[in-house]
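Okay, structure first, notes after.
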Amino acid sequence: MSWSGPSDGGSGRRGYHHGNLREALIDAALELIGAKGPAGFTIAEAARLAGVSPAAPYRHFRDADALLAEVAVRGFDRFATRLAKAWNEGRPEKVRAFEDVGRAYLAFAREEPAYYAAMFDSSLAAEAHPDLQAASDRAFAVLRDAAEQVAAMVPKARRPPALMMALHIWAMAHGIASLFVRAVPARRKLPMPAEDLLEAGVLLYLQSLGLAGGE
């Protein structure tokens, strides 16, 4: 968190850099989302946590959904950067880099739970928040680009559509992250690391295409 001042003796109000109210509210929203989920905070709570009046947030956000959308946009931007770093333009070897993207997906879900919840657990309508849709598309574009390059390694006669391949890997990574990685009460326990489960799934998927060292 980027709070700059001490709390006010336990009331929950926190100081912030004057002139940077927007950032203080985003930090407050992240803290509340992390504690209660994306449906569990109000803009008044964010204002109280930031140490400002209930009316102050409306200088920057029209309502709680607008604040939540901004958090999700930033989350997707961080997510895209993380996936792109893992992919590393397919270096040093495309299949291994593709597997690294999956591991980066799980790592983000584990290490950035508030962002992840804002991105995937909210009920925000994409058409109402075009910036959010664009940020989501940028993140998915990393996975799609990786899938296109890996799919190009398969003989054309049995090459899968890259979009379908990207969606398959996304669904696998997201399912494992949601079921086995996130610190939620419903999380199921695994007899193995979630990364190993994902790697095995991706390996089987790629082997079915004649990649990853198997028939």
Side-chain angles (χ1 to χ4, degrees), residues 1-85 104-143 170 173-175 177-187:
M1 294 297 174
S2 60
W3 308 111
S4 63
S7 67
D8 67 343
S11 69
R13 296 168 65 90
R14 303 180 182 220
Y16 67 93
H17 290 292
H18 291 286
N20 203 17
L21 173 59
R22 185 182 182 87
E23 297 302 315
L25 290 168
I26 290 168
D27 278 352
L30 270 170
E31 186 168 336
L32 290 166
I33 292 166
K36 302 181 179 183
F41 84 97
T42 65
I43 203 162
E45 286 181 303
R48 183 167 58 252
L49 192 56
V52 297
S53 71
Y58 295 100
R59 301 173 197 168
H60 298 283
F61 303 102
R62 69 177 182 274
D63 53 26
D65 278 358
L67 176 53
L68 178 59
E70 178 62 23
V71 172
V73 166
R74 294 188 180 205
F76 274 116
D77 285 343
R78 292 165 72 96
F79 189 47
T81 298
R82 192 139 181 183
L83 295 183
K85 183 178 180 180
Y105 198 114
L106 298 190
F108 186 89
R110 179 180 290 112
E111 297 166 15
E112 302 278 12
Y115 277 123
Y116 194 87
M119 293 155 56
F120 295 115
D121 293 346
S122 72
S123 58
L124 296 173
E127 59 271 17
H129 302 279
D131 289 350
L132 177 56
Q133 184 62 59
S136 175
D137 290 345
R138 287 193 296 272
F140 182 70
V142 178
L143 184 56
W170 179 25
H174 189 75
S178 297
L179 288 172
F180 306 117
V181 171
R182 302 174 64 194
V184 295
R187 183 178 68 177

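Values in this document were obtained by computation on a predicted structure and should not be read as measured data.
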Exercise for the section: Indicate yes or no: does E23 engage R74 in a salt bridge with an N to O separation below 4.0 Å. Expected result: yes
Fill in the blank from the handout: Distance col, row M119:CE vs D77:CG, nearest 0.5 angstrom, shows 9.5 Å
Handout entry: Non-hydrogen atoms of L68 and A118 that approach each other most closely
Key = CD1-CB, 3.8 Å
Handout entry: Ring centre gap for F76 and Y115 strictly below 6.0 Å
Key = no
Practice task
Over all heavy atoms of both residues, which pair between P57 and L25 is shortest? Give the atoms and the distance, please.
Solution key: CA-CD1, 3.6 Å
Practice task
Identify the heavy atoms of A47 and S53 that sit nearest to each other, and give their distance.
Solution key: CB-O, 3.6 Å
Handout entry: Over all atoms of both residues, closest heavy-atom pair of R82 and A107
Key = NH2-CB, 3.5 Å
Problem - Close side-chain approach of I43 and Y58, heavy atoms under 4.5 Å - result: yes
Problem - Rounded distance [0.5 Å steps], CG in D63 versus OG1 in T42 - result: 11.5 Å
Handout entry: Closest non-hydrogen atom pair between L83 and A104, with its separation
Key = CD2-CB, 4.1 Å
Problem - Interatomic spacing from CG in L67 to NE2 in H60 - rounded to 0.5 Å - result: 11.0 Å
Exercise for the section: To the nearest 0.5 angstrom, please state how far the CG atom of L30 sits from the CD atom of E112. Expected result: 8.5 Å
Practice task
Please tell me if the side chains of E111 and Y116 come closer than 4.5 Å, counting only heavy atoms from C-beta onward.
Solution key: no
Practice task
For the residue pair H174 and Y105, categorise the inter-ring angle as parallel (less than 30°), tilted (30 to 60°) or perpendicular (more than 60°).
Solution key: perpendicular
Problem - Distance (rounded to the nearest 0.5 Å) between E70 CD and F61 CZ - result: 5.5 Å
Practice task
Any chance you could measure D131, atom CG, to S136, atom OG, to the nearest 0.5 Å?
Solution key: 12.5 Å
Exercise for the section: Take R78 and F108, measure what side chain to side chain contact (heavy atoms under 4.5 Å, CB included) needs, and give me the verdict at the end. Expected result: CA-CA 9 Å; R78 292 165 72 96; F108 186 89; 4.0 Å; yes
Fill in the blank from the handout: Of all heavy-atom pairs linking L21 and A56, the shortest is CD2-O, 3.6 Å
Practice task
Indicate the ring-plane relationship of W170 and F120, choosing parallel, tilted or perpendicular according to the 30° and 60° boundaries.
Solution key: tilted
